[in-house]
Structures are given as C-alpha cells and as structure tokens.
Amino acid sequence: MFHLHKATQVTPDEGESETLRQLARQYPYPPRAAEGPGARAPYVRANMVASIDGAVTVEGRSGGLGGPGDKAVFRTLRGLADVILVGAGTAITEGYRLPEPDAVFAELRAGNGQAPAPALALVSRSLSIPPDYAPLTHENTVVLTCAAAPADRRAALLDAGATLVDCGDDTVETEEIIAECGRREWPRVLCEGGPQLLGAVVAADLLDELCLTTSPILAGGDAGRIVADTRADGAGLASRGMTPAAIMTDDDGFVFTRWVRHDRSSIH
Ligand SMILES: NC(=O)c1ccc[n+]([C@@H]2O[C@H](COP(=O)([O-])OP(=O)(O)OC[C@H]3O[C@@H](n4cnc5c(N)ncnc54)[C@H](OP(=O)(O)O)[C@@H]3O)[C@@H](O)[C@H]2O)c1
C-alpha cells in the first residue's frame with residue numbers, strides 16, 4: 001500500500017508575519033495533558049537540516065545548507081519553543097546569540113503562558129565555553145554539565161556569572177537534561193543539535209519529533225549525519241521507527257518533513 005503525500009506549499013503572499021503564523025500552525029506542539037504520567041514530561045522536538053545525500057554540514061557549518069524557507073521554519077520553531085537545547089560546540093561554531101522575543105509569536109506565546117522568548121540551554125561536559133561568550137551570563141541561559149566537569153573551567157564560568165546545573169556525575173545524562181527542562185517549566189523543548197547531542201537524545205529514546213529540512217543539494221564529501229553515535233560501548237544505536245506527520249516544500253526546492261514517534265503519531 002502506498003500513500004501519495006501531496007506536499008503542502010507554504011509560500012503565501014500575505015507577507016512575512018502571516019507566512020510565519022501559517023508555519024506555526026503546521027508545527028503544533030501536542031496539547032499538554034492536565035494530569036497523569038505524561039503531564040510534566042517535556043516534549044522533545046529536534047530541528048535539523050541535511051543535504052539530499054545526508055550531509056549535515058558544508059565546509060564545517062550548517063549554514064551552507066540553508067535557505068529562506070529553512071530560516072523561516074527555524075524561526076517559527078524557536079517561536080514555539082520554551083527552551084533551545086544545543087551542544088555548546090554547536091552554539092559556538094554557529095555563533096548563537098541569545099534568543100530574542102519575536103513579535104510575530106508574542107500573542108501566541110502569551111496565550112500559552114510562555115515566556116516572551118525561549119531560554120537557551122547549552123550542553124557541555126568540558127565547559128570549554130569562552131567566559132566572554134555573550135549569551136552565557138544572561139538569566140535565560142543555563143549550562144547543563146556534570147559533576148566531573150573540569151573544576152577550573154567551572155570556576156571560570158561561574159566567575160563570569162554563568163548558571164551551571166549538573167545533570168549527572170561522570171557524564172551529562174540525557175534523561176537528567178530533559179528532567180531539568182521539566183523542573184524549569186520548559187515543556188516544549190527544541191533541540192537544535194548538533195549531531196552528538198541529538199545522538200544522545202536518540203540513544204536515550206527521548207526524541208518525540210524530528211523536523212528535518214532536506215536542502216536541495218548533493219554535498220558529497222565526508223560530513224557526518226544528523227545523528228551521531230558517541231556511546232563508548234560502540235554498540236551502535238538501535239534503529240528507531242518514526243512516522244511521517246507532514247511534508248512541505250518551498251519555492252526553492254527545500255523539503256520540510258516532520259517525523260514523530262509511533263506512539264506520538266496522534267499529534268498531527
Ligand atoms: N545540519 C544541522 O542541522 C546542524 C545542527 C547543529 C550543528 N550542526 C553542525 O554540526 C557540527 C557539530 O557537530 P557535533 O556533533 O560536534 O555537535 P554537538 O552535538 O553540538 O556537540 C558539540 C559539543 O557539545 C557538547 N555536547 C553535545 N552532546 C553532549 C552530551 N550528550 N553530553 C555532553 N556534552 C555534549 C560537547 O561539548 P564539550 O566537548 O564541551 O563537552 C560537544 O563537544 C558543527 O559543524 C555544526 O555546524 C549541524
């Protein structure tokens with residue numbers, strides 16, 4: 001049995017704000033359960049971009065894979081999230097700035113009881129984040145690390161005014177990362193990678209949804225994939241089945257897919 005998905009075209013003429021609001025309607029987080037086991041568990045969505053042949057970077061950065069439509073989806077997903085979860089390495093490499101309130105989503109966020117802008121959670125074991133990295137000391141930024149992180153680096157970041165939270169002893173435990181998001185009332189998690197962090201989320205079986213942009217290029221080269229397996233035992237990630245929830249295209253040939261866990265497939 002085949003299902004022919006007609007891709008939804010999201011390139012309306014009503015202007016940028018309306019385009020973004022239309023996009024937001026294509027990417028709803030599931031409604032929060034008022035009570036029961038799932039009531040406090042954050043929903044973990046990842047947003048990644050890859051070339052047709054699966055490359056996650058071009059010349060070491062994901063920027064070469066992007067386009068205007070991808071930027072709009074990226075902005076929309078941020079506009080819907082409570083926290084942006086990102087590997088510290090990616091935040092530095094990609095020059096992440098502090099997420100600002102986005103006027104387009106202000107009403108939506110206020111209606112949901114969300115803060116004006118998502119928080120920024122940087123994941124790092126080495127704590128090799130430059131103390132003068134601008135978002136580091138903002139009240140909306142938290143560094144998720146572990147007790148075994150180098151003491152001198154910890155001291156340097158604390159001296160700079162950073163907020164550090166240990167999520168594990170020897171390693172940064174993914175379950176603890178997501179639990180910390182729950183404790184901080186960040187139920188809508190947006191993981192922006194990179195591949196190591198996403199690999200850890202997948203390995204812990206905590207990924208609920210993947211938003212994947214396929215960039216219309218064949219990149220070649222030896223760039224990695226969106227999910228890296230960094231587990232010490234080298235056992236490899238067991239493959240995870242996902243269900244397609246939506247497929248969109250834009251005028252530039254980008255393809256935007258949403259994949260949800262089998263047991264979450266009722267959200268679309
Ligand atoms: N195509 C895309 O959508 C996309 C998205 C994001 C990034 N990228 C690209 O991917 C490349 C980076 O790949 P990457 O796999 O190295 O990125 P990453 O997952 O962000 O990992 C980089 C660093 O983040 C920290 N980290 C990540 N997961 C961790 C965990 N489970 N526990 C503790 N620390 C963790 C580590 O920091 P410490 O070493 O400090 O412990 C690690 O070295 C960059 O070139 C970036 O541009 C592409």
Side-chain angles (χ1 to χ4, degrees), residues 44-67 69-71 73-75 77-78 84-96 120-131 133 136 142-150 152-154 156-157 162 164-181 189-207 209-217 219 221-232 237 254-259:
V44 183
R45 162 184 280 173
N47 183 32
M48 302 290 284
V49 58
S51 67
I52 302 168
D53 53 332
V56 77
T57 54
V58 174
E59 292 172 358
R61 293 184 54 178
S62 58
L65 294 164
D70 175 55
K71 285 194 178 68
V73 169
F74 184 87
R75 180 174 162 189
L77 296 183
R78 285 186 158 207
I84 295 163
L85 180 67
V86 63
T90 288
I92 308 292
T93 308
E94 302 275 350
Y96 270 42
L120 182 64
L122 304 168
V123 181
S124 173
R125 185 183 190 281
S126 75
L127 293 181
S128 53
I129 304 170
Y133 172 56
L136 184 67
V142 62
V143 180
L144 304 178
T145 187
C146 61
D152 57 336
R153 298 300 313 152
R154 180 186 296 272
L157 298 191
L164 271 57
V165 177
D166 286 341
C167 295
D169 296 328
D170 290 338
T171 58
V172 190
E173 302 289 343
T174 314
E175 291 83 353
E176 264 307 300
I177 291 176
I178 304 306
E180 182 64 20
C181 292
V189 176
L190 176 63
C191 177
E192 292 185 343
Q196 283 188 59
L197 180 57
L198 184 56
V201 173
V202 171
D205 204 14
L206 287 169
L207 185 69
E209 176 179 338
L210 172 66
C211 299
L212 176 66
T213 298
T214 303
S215 181
I217 60 169
D222 57 3
R225 291 155 52 180
I226 60 168
V227 176
D229 186 3
T230 56
R231 291 183 307 166
L237 292 177
F254 285 73
V255 181
F256 306 90
T257 46
R258 271 179 73 211
W259 300 86

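Counting convention: from 1, in listed order, for ligands and their atoms alike. The figures here come from the full heavy-atom set of this structure, side chains too, leaving out hydrogens, waters and symmetry mates.
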Colleague: So which heavy atom in the protein is nearest atom 13 (O) of ligand 1, and how far is it from that ligand atom?
Modeller: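 The closest heavy atom on the protein side is P195 CD, 3.3 Å.
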
Colleague: Give the numbers and elements of all ligand 1 atoms closer than 4.0 Å to a heavy atom of G89.
Modeller: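 Answer, ordered by atom number: 22 (C), 23 (C), 24 (O).
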
Colleague: Look at ligand 1 and say whether A88 reaches it with a heavy atom at a distance under 4.0 Å.
Modeller: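 For ligand 1, residue contact (heavy atoms, under 4.0 Å) with A88 is present.
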
Colleague: Given A149, A223, G194, which has its nearest heavy atom closest to atom 18 (P) of ligand 1?
Modeller: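 That would be G194.
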
Colleague: Distance under 4.0 Å to a non-hydrogen atom of S128: what atoms of ligand 1 satisfy this?
Modeller: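 The list of qualifying atoms is 40 (O).
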
Colleague: If you count the atoms of ligand 1 from 1 in the order shown, which ones are under 4.0 Å from a heavy atom of V49?
Modeller: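 In order of number, 1 (N), 2 (C), 3 (O).
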
Colleague: Number the atoms of ligand 1 from 1 as they appear, then name those within less than 4.0 Å of a heavy atom of G60, with their elements.
Modeller: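 Counting from 1, the qualifying ligand atoms are 44 (C), 45 (O), 47 (O).
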
Colleague: Among all protein heavy atoms in this structure, tell me which lies nearest to atom 43 (O) of ligand 1, with the distance rounded to 0.1 Å.
Modeller: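 The protein heavy atom lying closest is Q196 NE2, 3.9 Å.
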
Colleague: Check each atom of ligand 1 against the heavy atoms of S62 and keep those under 4.0 Å away; list them by number with element.
Modeller: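 That gives atoms 1 (N), 2 (C), 4 (C), 47 (O), 48 (C) of ligand 1.
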
Colleague: Please determine, by modelled atom types, if E94 and S62 share a side-chain donor-acceptor pair under 3.5 angstrom.
Modeller: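 Indeed, the side chains of E94 and S62 share at least one donor-acceptor pair under 3.5 Å.
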
Colleague: Pairs of nitrogen or oxygen atoms closer than 3.5 Å, one from S124 and one from ligand 1: do any exist?
Modeller: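 Yes; the residue has a nitrogen or oxygen that sits under 3.5 Å from a nitrogen or oxygen of the ligand.
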
Colleague: With a 3.5 Å distance limit and no angle check, can you tell me whether S215 reaches the backbone of G66 through a side-chain donor-acceptor pair?
Modeller: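 Pair absent, no side-chain N/O of S215 close to backbone of G66.
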
Colleague: Taking only residues two or more places apart in sequence or in another chain, which ones pass side-chain hydrogen bond (donor to acceptor under 3.5 Å, both in side chains) with S128?
Modeller: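 S126.
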
Colleague: Mark yes when over 12 heavy atoms from residues, nucleotides or ligands other than D169 sit less than 6.0 Å from its CG; otherwise mark no.
Modeller: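 For D169, atom CG is not crowded (no more than 12 foreign heavy atoms under 6.0 Å).
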
Colleague: Identify the closest protein heavy atom to atom 39 (O) of ligand 1: which residue and atom is it, and at what distance?
Modeller: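 Here the nearest protein heavy atom works out to S126 OG, 3.6 Å.
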
Colleague: Would you mind checking which non-hydrogen protein atom is closest to atom 9 (C) of ligand 1, with the distance to 0.1 Å?
Modeller: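 For atom 9 (C) of ligand 1, the nearest protein heavy atom comes out as T57 CG2, 3.5 Å.
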
Colleague: I need the nearest protein heavy-atom contact for atom 41 (O) of ligand 1: residue, atom name and distance, please.
Modeller: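 Protein heavy atom with the smallest distance to atom 41 (O) of ligand 1: R125 N, 2.7 Å.
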
Colleague: Mark yes or no for whether R153, through its side chain, and I129, through its backbone, hold a donor-acceptor pair below 3.5 Å.
Modeller: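 Such a contact is found between R153 side chain and I129 backbone.
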
Colleague: Which atoms of ligand 1 have any heavy atom of M48 under 4.0 Å away?
Modeller: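 That gives atoms 2 (C), 3 (O), 4 (C), 5 (C) of ligand 1.
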
Colleague: Nearest heavy atom to atom 24 (O) of ligand 1 wins, so pick from G224, G87, G64.
Modeller: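 Result: the heavy atom closest to atom 24 (O) of ligand 1 is in G87.
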
Colleague: Nearest heavy atom to atom 46 (C) of ligand 1: which of E173, E94, R61 does it belong to?
Modeller: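 Of the listed residues, E94 has the closest heavy atom.
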
Colleague: Among all protein heavy atoms, pick the one closest to atom 6 (C) of ligand 1 and tell me residue, atom and distance.
Modeller: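 In this structure, atom 6 (C) of ligand 1 has E192 O, 3.2 Å as its nearest protein heavy atom.
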
Colleague: Just need the protein heavy atom nearest to atom 35 (C) of ligand 1, so name the residue and atom and give the distance.
Modeller: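 Among all protein heavy atoms, the one nearest atom 35 (C) of ligand 1 is V123 CG1, 3.7 Å.
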
Colleague: For atom 17 (O) of ligand 1, grab the closest protein heavy atom and report residue, atom and distance to one decimal in Å.
Modeller: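 Of the protein heavy atoms, T90 OG1, 3.2 Å lies nearest.
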
Colleague: Under 4.0 Å from a heavy atom of A200: which atoms of ligand 1 are those, numbered in the order shown and with their elements?
Modeller: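 Going through ligand 1 atom by atom, the ones under 4.0 Å from A200 are 31 (N).
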
Colleague: Just which atoms of ligand 1 are under 4.0 Å from any heavy atom in V172?
Modeller: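 Taking each heavy atom of V172 in turn, ligand 1 has 32 (N), 33 (C) under 4.0 Å.
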
Colleague: Side chain to side chain contact (heavy atoms under 4.5 Å, CB included) with E176: which residues, sequence neighbours excluded?
Modeller: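 So E176 forms a side chain to side chain contact (heavy atoms under 4.5 Å, CB included) with C167, E173, A179, R183.
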
Colleague: Does L198, backbone or side chain, put an N or O under 3.5 Å from an N or O of ligand 1?
Modeller: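 There is no such contact.
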
